[in-house]
Trainee: 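First, the structure itself, so that you have it in front of you.
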Amino acid sequence: RDMLTRMGIPHGWYQADTAAGRRLLEEADEDGSRLPVVLFHSGQVFVDPSDAELAEALGFGTRPEDGAYDLVIVGAGPAGLAAAVYAASEGLATLVVEPKVAGGQAGTSALIRNYLGFPRGIAGGDLANRALEQAWLFGANLVLAQRATGLRADSRRRLVRLSEGGEIAGDAVVVASGVSWRRLGVPRLEALVGAGVFYGAAGAEARAMEGEDVFVVGAGNSAGQAALHLARHAASVTLLVRGPDLSQRMADYLVREIEAAPNLAVRLRTRVVDGLGDRRLEGLRLATGDGTAEVAAAALFVMIGGEPRTEWLAGVERDDRGYILTGHDLLGEGGPPPGWPHARPPLLLETSVPGVFAAGDVRHRSVKRVASAVGEGAVAVQLVHQYLGRT
């Protein structure tokens, strides 16, 4: 449901034990012992399909075409999509590889209010789908449900290994794989992920929270946007913040809207230390300076910062948290990093592997904003042109 919502695909959602659900199962000749069952108007039926099966059925590519590309972009968040738009529009044969759906973390946001040109805001999924369509119209290729698992240099080419086992060759690579949400590390809550516990914004789950008591963990803009979105549906929303206030990390306009929402409360200096419920989340155990307390909860949405998706980048210099070092951050007292093959220093967004660039949240010292990621994606393409002109 989340995948279809984020891709902008119109769909209905029916519980298996309702009259409509039973009728649809009968039409699909399924007994409901395995769920979900996905029915297409074309007559295709999928039982508990993978992301790749759904993407293929919707007409998206899940395997790259044979041949080499001028530019391979890893990740279809704002940075990767911006790079795809500019690269394809400037005549580069471009391929984008994305393990899930376009948009990255920004794509899960219910409403982005501070992105330039949208005074009333725009849903992250809408922004991502517009950018994806724009890149596609310029000729960029997109492969969904494929994860990059390795990167190596082979003479003039850079080879990206995919989770299916093949490799894609490109003259240059832009790594825009973004970050994944940091986990709480509470065993009972980890066991309930997808059953009341969610990492990331509300997205498709918001309407299912009608009349429920919901909690959001986080103090950044994403957490604030999710809390406000959920408050339109849930009976109550409580924002749990470890620090003493919201203003340090959250935009002022969000703080003011949260304060004005009648069914939205904020609990400061509060941590989630355990969950309640066996098959589905039923409650939370919270810790404060005054001790612990148990509260009823239908759902918990966690947005407590990111961890870079860089474990597959062996040989690329990273900082102690895994973020990719680029440009001046690679220069030590002795100049370029060890093994750097050129007399020139690394370009602004270039990594320790020549011809491999990083853009967006995955990069060391990047500004965690949608506009910044889009800007870095555009700049990366200009640097790719410089690199290709020098080799």
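Just so it is clear, the model here is predicted, and its values are computed rather than measured. Heavy-atom basis, side chains included; hydrogens, waters and symmetry copies ignored.
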Trainee: Between Asp290 and Thr288, do the side chains contain an N or O donor and an N or O acceptor separated by less than 3.5 Å?
Mentor: no
Trainee: Report yes or no: does Arg158 contribute a side-chain atom to a donor-acceptor pair with the main-chain N or O of Ser155 at less than 3.5 Å?
Mentor: yes
Trainee: Take atom CD of Glu210 as the centre, draw a 6.0 Å sphere, and report whether it contains more than 12 heavy atoms from other residues, nucleotides or ligands.
Mentor: yes
Trainee: If I take atom OG from residue Ser236 and atom CG from residue Leu230, how far apart are they, to the nearest 0.5 angstrom?
Mentor: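 It is 10.5 Å, given to the nearest 0.5 Å.
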Trainee: So if I apply the side-chain contact (heavy atoms from CB on, under 4.5 Å) rule between Val160 and each of Val173, Val356, Val97, which one comes out positive?
Mentor: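 Exactly one option meets the side-chain contact (heavy atoms from CB on, under 4.5 Å) with Val160, and it is Val173.
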Trainee: Side-chain heavy atoms nearer than 4.5 Å, only ILVMFWY residues, links allowed to pass through others: does that put Ile304 and Leu189 together?
Mentor: yes
Trainee: Can you get from Leu81 to Leu95 by hopping between Ile, Leu, Val, Met, Phe, Trp and Tyr side chains that sit under 4.5 Å apart?
Mentor: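 Different clusters: Leu81 never reaches Leu95 through Ile, Leu, Val, Met, Phe, Trp or Tyr contacts under 4.5 Å.
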Trainee: Go through Asp126 and Arg130 one step at a time and tell me if the salt bridge (Lys or Arg N to Asp or Glu O under 4.0 Å) criterion holds.
Mentor: CA-CA 6 Å; Asp126 290 343; Arg130 291 186 187 193; 5.9 Å; no
Trainee: Strictly distance-based, threshold 3.5 Å: is any side-chain N or O of Asp70 a donor or acceptor partner for the main-chain N or O of Thr94?
Mentor: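 Side chain of Asp70 to backbone of Thr94, a donor-acceptor pair under 3.5 Å: no, none is there.
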Trainee: Checking side-chain hydrogen bond (donor to acceptor under 3.5 Å, both in side chains) for the pair Ser180/Glu307: CA distance, chi angles, key distance, verdict?
Mentor: CA-CA 5 Å; Ser180 56; Glu307 296 178 343; 4.9 Å; no
Trainee: Would a single hydrophobic cluster contain both Leu162 and Val175, if residues Ile, Leu, Val, Met, Phe, Trp and Tyr are joined by side-chain heavy-atom contacts under 4.5 Å?
Mentor: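 Yes, Val175 connects to Leu162 through the hydrophobic network.
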Trainee: Check this for me: Arg280, atom CZ, are more than 12 non-hydrogen atoms of other residues, nucleotides or ligands nearer than 6.0 Å?
Mentor: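 Correct, the count exceeds 12.
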Trainee: Against Val186, only a single residue in Leu284, Val273, Asp274 fulfils side-chain contact (heavy atoms from CB on, under 4.5 Å); can you say which?
Mentor: Asp274
Trainee: Which heavy atom in Ala16 sits nearest to a heavy atom in Leu35, and how many Å separate them?
Mentor: CB-CD1, 3.8 Å
Trainee: Please examine the side chains of Arg318 and Leu325, heavy atoms only from C-beta on, and report whether any two atoms are closer than 4.5 Å.
Mentor: no
Trainee: Could you check if a side-chain atom of Pro354 sits within less than 4.5 angstrom of a side-chain atom of Pro341, using non-hydrogen atoms only?
Mentor: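 Yes - at least one pair of side-chain heavy atoms lies under 4.5 Å apart.
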Trainee: Heavy-atom count check: over 12 atoms from other residues, nucleotides or ligands less than 6.0 Å from Asp278 CG?
Mentor: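 12 or below, so no.
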Trainee: Is Val379 reachable from Leu347 through a run of hydrophobic residues whose side-chain heavy atoms are each under 4.5 Å from the next?
Mentor: yes
Trainee: Of the non-hydrogen atoms in Tyr14 and Leu24, which two are nearest, and what is the gap between them?
Mentor: CD1-CD1, 3.4 Å
Trainee: How far apart are the closest heavy atoms of Ala76 and Val96, and which atoms are they?
Mentor: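 Looking at all heavy atoms of both residues, the closest pair is CB-CG1, 3.9 Å.
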Trainee: Does the side chain of Phe118 come within less than 4.5 Å of Ile112's, by heavy atoms?
Mentor: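 They are not in contact (no side-chain heavy atoms under 4.5 Å apart), so the answer is no.
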Trainee: State, yes or no, whether a side-chain contact exists between Asn114 and Asn221 at a heavy-atom distance under 4.5 Å.
Mentor: yes
Trainee: Counting only heavy atoms not in Glu26 (residues, nucleotides, ligands), do more than 12 fall under 6.0 Å from its CD?
Mentor: no
Trainee: Indicate the atoms forming the closest heavy-atom contact of Pro36 with Pro49, along with that distance.
Mentor: O-CD, 4.1 Å
Trainee: Please determine if Arg22 and Asp17 form a salt bridge, counting it only when a charged side-chain N lies under 4.0 Å from a carboxylate O.
Mentor: no
Trainee: Just wondering, do Leu184 and Tyr199 contact through their side chains at under 4.5 Å, heavy atoms?
Mentor: yes
Trainee: Just by distance, do the side chain of Ser372 and the backbone of Val370 share a donor-acceptor pair under 3.5 Å?
Mentor: no
Trainee: Hey, are the side chains of Leu254 and Leu228 touching, using non-hydrogen atoms and a 4.5 Å cut-off?
Mentor: yes
Trainee: For residues Tyr86 and Phe138, establish whether the separation of their ring centroids is below 6.0 Å.
Mentor: no
Trainee: For the atom pair CG (Leu127) and CD1 (Ile122), what is the distance rounded to the nearest 0.5 Å?
Mentor: 4.5 Å
Trainee: Run the side-chain contact (heavy atoms from CB on, under 4.5 Å) test on Trp312 and Arg147 for me, step by step, so that the C-alpha distance in whole Å, both residues' side-chain angles and the decisive distance to 0.1 Å come before the verdict.
Mentor: CA-CA 10 Å; Trp312 57 281; Arg147 183 168 48 87; over 6 Å; no
Trainee: Flag this pair as yes if the NZ/CZ of Arg365 is under 6.0 angstrom from the six-membered ring centre of Tyr323 and inside a 45 degree cone about the axis; otherwise no.
Mentor: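 So Arg365 doesn't make the cation-pi contact.
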Trainee: Is the side chain of Asn263 donor-acceptor paired with the backbone N or O of Ala234 at a distance under 3.5 Å, no angle test?
Mentor: yes
Trainee: How are the rings of His229 and His233 set to each other: parallel, tilted or perpendicular (split at 30° and 60°)?
Mentor: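 Plane angle over 60°, so perpendicular.
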Trainee: In plain terms, say whether Arg344 and Glu350 are close enough for a salt bridge, that is, a side-chain N and a carboxylate O under 4.0 Å apart.
Mentor: yes
Trainee: Nearest 0.5 Å, what's the CD-OG1 distance between Gln225 and Thr108?
Mentor: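 These two atoms lie 9.0 Å from each other.
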Trainee: Which residue is it: Glu53, Glu56, Gln146, Glu164? I am looking for the one with a side chain to side chain donor-acceptor pair (under 3.5 Å) to Thr62.
Mentor: Glu56
Trainee: Could you go through the side-chain contact (heavy atoms from CB on, under 4.5 Å) check for Leu192 and Leu300 one step at a time?
Mentor: CA-CA 10 Å; Leu192 294 175; Leu300 175 70; over 6 Å; no
Trainee: Any non-hydrogen side-chain atom of Leu159 less than 4.5 Å from a side-chain atom of Ile168?
Mentor: no
Trainee: In terms of hydrophobic clusters joined by side-chain contacts under 4.5 Å, are Leu239 and Val214 together?
Mentor: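 In one cluster: yes.
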Trainee: For atom CD of Glu311, is the number of surrounding heavy atoms from other residues, nucleotides or ligands below 6.0 Å larger than 12?
Mentor: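 Check passes, neighbour count above 12.
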Trainee: Any side-chain heavy atom of His385 within less than 4.5 Å of one from Leu92?
Mentor: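 Side chain of His385 against side chain of Leu92, heavy atoms only: contact under 4.5 Å found.
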Trainee: Closer than 3.5 angstrom, by distance alone: can the side chain of Ser366 be matched with the main-chain N or O of Gly360 as a donor-acceptor pair?
Mentor: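 Yes, the answer is positive, given that a donor and an acceptor are paired below the 3.5 Å cut-off.
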Trainee: Which pair of non-hydrogen atoms, one from Pro346 and one from Pro337, has the smallest distance, and what is that distance?
Mentor: CG-CD, 4.3 Å
Trainee: Can you tell me if Tyr115 has over 12 outside heavy atoms packed within less than 6.0 Å of its OH?
Mentor: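 Correct, the count exceeds 12.
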Trainee: Are more than 12 heavy atoms, taken from residues, nucleotides or ligands other than Lys368, located less than 6.0 Å from that residue's NZ atom?
Mentor: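 Yes, NZ of Lys368 has more than 12 neighbouring heavy atoms, counting only those of other groups under 6.0 Å.
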Trainee: Other residues, nucleotides and ligands only: do more than 12 of their heavy atoms fall within 6.0 Å of CZ on Arg183?
Mentor: yes
Trainee: Any chance you could lay out the side-chain contact (heavy atoms from CB on, under 4.5 Å) test for Thr310 and Val362, step after step, and finish with the verdict?
Mentor: CA-CA 8 Å; Thr310 57; Val362 75; 3.3 Å; yes
Trainee: Do side-chain atoms of Arg271 reach the backbone of Leu240 as a donor and acceptor pair under 3.5 angstrom?
Mentor: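 Flag not set: sc Arg271 to bb Leu240 has no pair under 3.5 Å.
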Trainee: Hey, could you give me the CG/CE distance between Asp252 and Met250, rounded to the nearest 0.5 Å?
Mentor: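 With rounding to 0.5 Å, CG (Asp252) is 11.0 Å from CE (Met250).
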Trainee: Does the side-chain contact (heavy atoms from CB on, under 4.5 Å) test come out yes or no for Phe198 and Asp2, once each step is laid out?
Mentor: CA-CA 11 Å; Phe198 306 93; Asp2 182 66; over 6 Å; no
Trainee: Let me confirm one number: the CG-CD distance from Leu348 to Gln386, rounded to the nearest 0.5 Å.
Mentor: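 Reported to 0.5 Å precision, the distance equals 9.5 Å.
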Trainee: Could you label the plane-to-plane angle of the Tyr387 and Phe357 rings as parallel, tilted or perpendicular, counting under 30° as parallel and over 60° as perpendicular?
Mentor: perpendicular
Trainee: Out of curiosity, Leu281 CG to Arg188 CZ, how far, rounded to the nearest 0.5 Å?
Mentor: 10.5 Å
Trainee: So, for Trp13 and His11, is the gap between ring centers shorter than 6.0 Å?
Mentor: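 Between His11 and Trp13, which both carry aromatic rings, the centre distance is not below 6.0 Å.
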